[in-house]
Amino acid sequence: MSPVIEEHARARLITDGPLTRPVPVDLRYDAAEDPRTVHITLPGGTDWAFGRDLLERGLRTPIERGAVRVWPCGRTQLIVELHSTDGVEVFQFEIRTLIRFLARTRAQAPATAAPPSDGTPEKRPSRTTSTTSATTRPERGAPATRG
C-alpha cells in the first residue's frame, strides 16, 4: 500500500480589494484512492479534488476543466480559480511548492496512473465541504500547544 502524500502549503487568497492574504492549504495525494487525483483542502475544510494533470498542464499554459481554471502567472506563480455555487475563489501559489508536490506524486504513482490516451474521460473536478470544524495549525515559528 502506498503512503498518502500530504504537504502543508501557503497560498494567497486574491480578492477584489487591494490586498491579498495568505491562507494555509493542504495538498494531498493518495494513489490507493485514485492515482490520477490530487486534493487541495482550503481553510474551513472545503476539499477540491481534480486531475493531477490539470495542475501539471497549468504550470505551462492556461487550462480549464469544469469548475477549475489554472494558469501560470509569470515564472514563479500559479493561479488556481475555483468556481462553486458559493462564488469564485482565486488562489495564488508559488510554483516551486506545486512542482515539489507533483514530483512527489509522480514518484509515488503507479505506472497505470498516466493520463488515459484511449478516450477515457479525465477526472472531473469535485468539491466537498467538511461537516467537522477544520483543525488549525500554528503559524510557522509559533510554539506548538499541547492539550
Mind running side-chain hydrogen bond (donor to acceptor under 3.5 Å, both in side chains) on H83 and E81 for me, showing each step along the way?
CA-CA 7 Å; H83 294 254; E81 182 178 291; 2.5 Å; yes

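- At a threshold of 4.5 Å between non-hydrogen side-chain atoms, the residues T20 and T15 do not count as touching.
- Under a 4.5 Å side-chain heavy-atom criterion applied to ILVMFWY residues, the cluster that includes I79 comprises I14, W71, V88, V90 as well.
- Checking E33 against H39 by side-chain atom types alone, a donor-acceptor pair falls below 3.5 Å.
- Residues V25 and T41 form no side-chain contact, since every pair of their non-hydrogen atoms from C-beta on lies 4.5 Å or further apart.
- Side-chain atoms of R60 come within 3.5 Å of backbone N or O of E56 as a donor-acceptor pair.
- With contacts defined as side-chain heavy-atom distances shorter than 4.5 Å, the pair P62/R69 does not qualify.
- Across all their heavy atoms, R104 and E6 have their closest contact at NH1-O, 3.8 Å.
- Of the residues listed (D47, L82, L13, V23), the one engaging L42 in a side-chain contact (heavy atoms from CB on, under 4.5 Å) is L82, and it is the only one.
- Here F93 contributes atom CZ and L27 contributes atom CG; the two are 6.0 Å apart, rounded to the nearest 0.5 Å.
- Among residues two or more places apart in sequence or in another chain, the salt bridge (charged side-chain N to carboxylate O under 4.0 Å, His left out) test is passed with R96 by E94.
- Side-chain contact between I40 and T46: absent, with no pair of heavy atoms (C-beta onward) separated by less than 4.5 Å.
- Checking side-chain atoms of Y29 against main-chain N and O of R36 turns up no donor-acceptor pair under 3.5 Å.
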Going through the distances and angles, do D30 and V4 end up as a side-chain contact (heavy atoms from CB on, under 4.5 Å)?
CA-CA 5 Å; D30 184 354; V4 174; 3.6 Å; yes

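- Contact detail for G58 and P72: the closest heavy-atom pair is O-CD, 3.1 Å.
- The two atoms that bring V38 and L55 nearest to each other are CG2-CD1, 4.0 Å, heavy atoms only.
- If you take CG on D53 and CD1 on I63, they are separated by 6.5 Å, rounding to the nearest 0.5 Å.
- The shortest distance between side-chain heavy atoms of R106 and R52 falls below 4.5 Å.
- Across all non-hydrogen atoms, the minimal contact from P3 to Q108 is CD-NE2, 3.2 Å.
- Atom CZ in F91 sits 12.5 Å away from atom CZ in R10 (nearest 0.5 Å).
- Checked against salt bridge (charged side-chain N to carboxylate O under 4.0 Å, His left out), R12 has no partners two or more places apart in sequence or in another chain.
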